[in-house]
Structure formats: C-alpha cells, structure tokens
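What follows is a set of notes on a single structure, which appears directly below.
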Amino acid sequence: MGRSNSLRTKLILIMVLLIVALMAVVGVFLTRGLGRFYTGRFYAQMETTFSQDFLLELQEVAQDADEPAAQLCELLMAQPDLGIDVATRNVFVLDKSGTVLASSSGATSVAVTPNLLTALGGEVGQTSAEASNYMDVAVPVGDYVIYVLDNKATVNDLTGEVLDIIIEALALGMAISIVLAILLSRILITPIRALTLGTRQVAAGDFSQKLDVTSRDEIGTLTRNFNHMALVLQSTLTEVENERTKLSTLFLHMTDGVTAFDPSGRIIHHNPAATQMLGRELDPAVTFDELFGGEASFKAVMALKRPNFLECEKKVGDRELSLFMAPFASEQAQGGALVVLHDVTEQRKAEQTRREFVANVSHELRTPLTNVKSYAETIISSGDELPPELRSRFLGVIVSEADRMTHIVQDLLTLSKFDYGRMEMNFTQFSLAEAVKNVCEAEQIDAQNHKHTFTYTLPEDDELAVHGDQERIEQVVLNIISNAVKYTPDGGKIEVFAARDKKKIKVVVKDNGIGIPEKDLPHLFERFYRVDKARSRQSGGTGLGLSIAKEILNVHNGDIQIDSVYGEGSTVTITLPAEKR
Ligand code: ADP
C-alpha cells in the first residue's frame, strides 16, 4: 500500500506542478502582453492626436491667445484621447523652464521625466521604458511644452483582474489535477496491485491464478509477460519436481546402497538399501570416517578429480560389500562425497562354488585317470610276465574306471544342459505307477544281491497319470532306489509307495539304512556333495545324482525332499503335479 500511495502522491505533485507552471507562464505572458498592448495603444493615440494640423493649431493658440496656457489646456482636454479620465491621464502645459502653467487635473507640479526633459530641450519626447509605471509624451509648442502623462492605472487594474482570474483558474486546475491524479493513479495502481498479489502468490508456489490483461499498454504487456513467466516457471518447476521424484524413487528402490556426505563428512542422504547393507541406523550425526574410515579416508575421496573414483571392499557381518567412492560438486554448492554400496556376497559365493566345482571335477576325474594310467603302465612294463588272469583283471579295472569317467562326464553334461536351459524333454502323459514299477523290477535283482527286503506298493495305473518325460522321471526314481540299495547295509528293508494326494502324486522310497547326519541334509542337492565320499565312490556314485534329480523335477514343477535319522534310515519323497482325471 505504501508504494501505491507514494505513486499517487507523486502523480498529484506532478499534476499540481504542471498546473502551477502552466498558469505562471500564462500569467507572465498575459500581463506583459497587456502592458505592451496598452503602451502601444497610448503612443498610437498620441501620434494621431498630435497630428500636423493639431500642432499648427496649438502653435497658433500659443502665439496669439490671451492666456495661452489655459487655452492650450482646454484645447487639449477637448481631444477625445486626452481628456478622458483625470485619475488616469493628465495633460500639463509648462513653460520652457519647466513650471506648470496649467493642467487638466489642476496640479501645479509634475515630476521631471526623460521625455519632459527632451521636450524642454526643444525636441518631442516620446520614448517609454516598459518597466516604468507610467507612460508620457512631451511636445514643445512655441514657448510652451505640452506634457501628457498616463499612470497606467487602467493597465494595472486589468493586469490585477487577469491575475485574479489566473489564481482562480490555478485553484480550480489544482483541484481538477488532484482528482485526475487520483483517478489516474487508480487506473495505474489497480493492475500493479494485481501484479504484486500475483508475484506474491507465485513466490508462495501458487501458479493457478492467471492475471487478467485489462489494457493494451505497457502494464498490459507486463501482465501478459508475467502470466507467461508464471507459466514457464510452473512447467520448469513441474519438470524439476518430476525429475526429483524420479530420482528419489530410484534412490528409494535401487538395490545398491547410496550414501552422500557434506563437505564436512557428515551424512546428508542415504537410501533404505544402504541402511540395510550397513546394518545400522544412519542418523544425521553419522560421519564418513565412522562408516568407511577403515576402508578409505574422507580427505582422500574429496581430493579425487572427476571421473576418478575409489573402489574398496568392506565386510559387514557375513555380507561382503563393494564400495565405490567419488566426490561430487555443483557450480553453486561445495558438494561432498558419494559412496555407492554393492552387495557382492552372492557373487563371491557363486565364484566360490564355481571354484569348488572345478576342483571337484578335476579331483573326480583325476582318481580314475590315475588308476587307468597306473594299471596300463603295469601291463606295459610287465609285458608277457603278467599272468593272463591278472592282466584281464587290470584291463577290467581300466574299463570300469573309463566307464566311471564317462558316467561323470555324462552327468556333468546333463547338468550343464539344465543350466543353459538346453535340456531336451519329451513330454507325454504316462502312468507314474507303471514307470515306478519298471524301475523297481529292474532294481529287484540288485536288492536281492544285497539281501534286502524290497517291496513296492503301487495303486492302479490311471490314478497316477502325470504329464512329463517318462525316461527322465524313471531316471530320478532309479537314482533314489539305487541310493537306498547302496546306502543300506545288506539285509535291509526297502519300501516304495506311490499315491495320489489331491492334485499331487507322491512317490516315497524308505530304507532302514545308514541314514544321513542332520548337518549334511541341507547340502545333499549340491553338486558332488557326498556324506561318505569313499562309500559313494566305491559303489560307483558320482555325487551328482540328486542334483540331476532336483533339476529334472524342477522342470516338471515337482519337488524332492529327504528326511533321515542318522543310523536309522532315510525317506526320500518326490512330488509331481497330477494330471486331471
Ligand atoms: P551318489 O552318486 O554319491 O549316490 P547322490 O547325489 O545320489 O550321489 O547322493 C548324494 C549323497 O547323499 C550320497 O553320496 C550319500 O551320501 C547321500 N545319500 C543319498 N541317498 C541316501 C540314502 N538313501 N541313505 C543314506 N545316504 C544317502
């Protein structure tokens, strides 16, 4: 409000000053003009009055009259332009010494003026100073001087009148100019006030108000520009806001942890992943050195030049974190440092598993290879001395070791096909009861060899219909039954059941064999994992059977589960989805 008032005051002041200046100029010109007009008219009248004829007549009276002064005075007063108003214009008749002999007003003396002096000297005096408050003419006639004096009363009266009018006009003009200034200021101030309000709203973040453009003048343009500016600002802000939301969403949901530090090393940002990885609350008082001081110093990170960064590792509990540290800075702000945390535990585990796997494969192949080599060398070195039955036994070992290696390589190939999704499956609908029966019949002899009591209880064919690769499923069942036979001391008891349970079919292989220690149970499906290496190898096992079984069942949406009590026996259950009946 203060501003609009000051604008109003300024406008009023300008208007009033304008009016005063105008009136002053008009006043000055008018009064001077009037003065000039009157002086001009006076001398023109004198020119006409004192014509050649009138001068001759005056001279005659001056020479011949009895009382020349009085008569001259009378004659002069008879002239229309001289005898008008005694208060304004007077006629004097003087002698050459300057003594007043007669006058229209009866005055006996007169002030000596330059014109009068001129006339006393014998010349006509008719010059007038504009500034003087009188105008006069002095004419020598014979021995006399006729002197006409006008005291400018008429002019002064008129000038006073004019000044009064001007002052009245000035007062009226001032009143009008104040009213006009108020109106004008209102016209100017209303849109400015709207603009002020608009800028305040924009500053407060409210872009919804569009100001009305009420005029086509500069204020109208300003309002239009303001509206445009608000629009641009709004869209820029929306863009910035979108970008910010995008970034914060990314920040919130990214699996890598991110922490940011101010130039003093205090934490300013962190995402949930960082909190989880570091396993602690990250309140604002936490510093870089507190968190990562053991891996790198804050100073060293801040000293880095873009795009360089520091890479190091940190162990938090059983997790391994890979840290990437870099400074950041913007042109306006001082910046700070960023640390990105990447959980590499699984990666490291995978690397470890791969290394172990390679070691296992080499180890598994090295034993039979060593055997093959040593038996072959013995055969070669002993030549014909080797008894034929020993020789054929050695050759038998070589063949069985070669079979064993082939077996391992085949199993590895099968697993690798599963790993790369290249395993070809031949899906058909078949009876699981029949498949299990086939395997049981095949294993019967082996079980008998070990003097096991081997029983299998299978329901009717169509009850156990499944959709899958029969050959592969038979491979799984064969592996489980042969494990039961292998890991049960001779004379044991092996039972096989198969049954439908709602939408699932279960095949259970139960033995009363050596069992599996509890600590080994979670690892049975790992490649090359064996509880008793020597026993497994001895019985021709590769330690890959259960891994392959698991992969095959995965493809069939099935499952495998092993329950065991060490020393008492094991129960292996496989589950497959049943086909609709
Ligand atoms: P393997 O070729 O050694 O039999 P598997 O993958 O089939 O390999 O089995 C992995 C390990 O699980 C075996 O080495 C053995 O120690 C254990 N195992 C499997 N089945 C049984 C069972 N019925 N009784 C006891 N141990 C078993």
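Excluded from the calculations below are hydrogen atoms, water molecules and symmetry mates; all remaining heavy atoms, backbone and side chain alike, are included.
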Ion pair check, Glu239 and Lys246, cut-off under 4.0 Å: no

Any side-chain heavy-atom pair from Asp343 and Glu320 closer than 4.5 angstrom? no

Count the heavy atoms belonging to other residues, nucleotides or ligands that lie under 6.0 Å from NZ of Lys506, then report whether that count exceeds 12. no

Under the ring-ring contact (aromatic ring centres under 6.0 Å, His included) rule, what pairs show up with a residue in residues 203-245, not counting sequence neighbours? none

Taking everything shown except Lys510 itself, do over 12 heavy atoms lie less than 6.0 Å from its NZ? no

Is the shortest side-chain heavy-atom distance between Leu323 and Phe292 below 4.5 Å? yes

Between Glu295 and Lys314, is the closest basic N to carboxylate O distance under 4.0 Å? yes

Pairwise side-chain contact, Thr457 with Val496, heavy-atom cut-off 4.5 Å (strictly under): no

Smallest heavy-atom separation, Ser564 atom then Gly515 atom, equals OG-CA, 3.3 Å

Is there a donor-acceptor contact under 3.5 Å linking the side chains of Asp411 and Thr542? yes

Output for pair (Leu341 CG, Leu291 CG), nearest 0.5 Å, gives 8.5 Å

Within the 4.5 Å heavy-atom criterion, are Ile494 and Thr453 side-chain neighbours or not? no

So does Glu241 pair up with Arg244, basic N to acidic O under 4.0 Å? yes

Got Pro577 and Val466 here, is their nearest side-chain heavy-atom distance under 4.5 Å? no

Under 3.5 Å, is there a donor on one side chain and an acceptor on the other for His523 and Glu526? yes

Starting at CG of Leu365, measure out to CD of Glu401 and round the result to the nearest 0.5 Å. 11.0 Å

Examine the side chains of Gln475 and Glu471 and answer whether a donor and an acceptor come within less than 3.5 Å of each other. no

Flag, side chain of Thr190 to backbone of Ile187, donor-acceptor distance under 3.5 Å: no

NZ of Lys315: more than 12 outside heavy atoms within 6.0 angstrom? yes

Quick one, Glu474 with Lys437, criterion salt bridge (Lys or Arg N to Asp or Glu O under 4.0 Å). Give me CA distance, side-chain angles, the key distance, then yes/no. CA-CA 9 Å; Glu474 281 182 10; Lys437 198 171 140 211; over 6 Å; no

To the closest 0.5 Å, what do you measure between CG (Leu183) and CG (Leu11)? 11.0 Å

Verify the ring-centre separation between His342 and Phe324: is it less than 6.0 angstrom? no

Taking Arg404 for its side chain and Thr406 for its backbone only, find out whether a donor-acceptor pair lies under 3.5 Å. no

When rounded to the nearest 0.5 angstrom, what is the spacing between OG in Ser185 and CD1 in Ile12? 6.5 Å

Using atom types as modelled and distance alone, determine if a side-chain donor or acceptor of Ser297 lies under 3.5 Å from a backbone N or O of Gly293. no

Parallel, tilted or perpendicular, judged at 30° and 60°: which one describes the rings of Phe298 and Phe288? tilted

Are side-chain N/O atoms of Ser264 and Asp262 paired as donor and acceptor at under 3.5 Å? yes

Measure the acute angle between the ring planes of His452 and His450, then classify it against the limits of 30° and 60° as parallel, tilted or perpendicular. parallel

Measure the shortest side-chain to side-chain distance between Asp469 and Ile473 over non-hydrogen atoms and say whether it is less than 4.5 angstrom. no

With side chains defined as the heavy atoms from C-beta onward, is the minimum distance between Met425 and His556 less than 4.5 Å? yes

Heavy-atom distance under 4.5 Å between the side chains of Phe430 and Glu579, does that happen here? no

Tell me yes or no: between the side chains of Tyr529 and Asp520, is some donor less than 3.5 Å from an acceptor? yes

Let's go through Glu290 and Arg266 carefully: what are the C-alpha distance in whole Å and the side-chain angles of both, what is the deciding distance for salt bridge (Lys or Arg N to Asp or Glu O under 4.0 Å) to 0.1 Å, and is it a yes or a no? CA-CA 10 Å; Glu290 234 177 289; Arg266 245 174 238 292; over 6 Å; no

How about Phe528 and His363: are their ring centres within less than 6.0 Å of each other? no

Check whether any side-chain N or O of Thr199 sits under 3.5 Å from a backbone N or O of Thr196 as a donor-acceptor pair, and report yes or no. yes

Ignoring hydrogens and angles, tell me if any N or O in the side chain of Asn271 forms a donor-acceptor pair with the backbone of Asp256 under 3.5 Å. yes

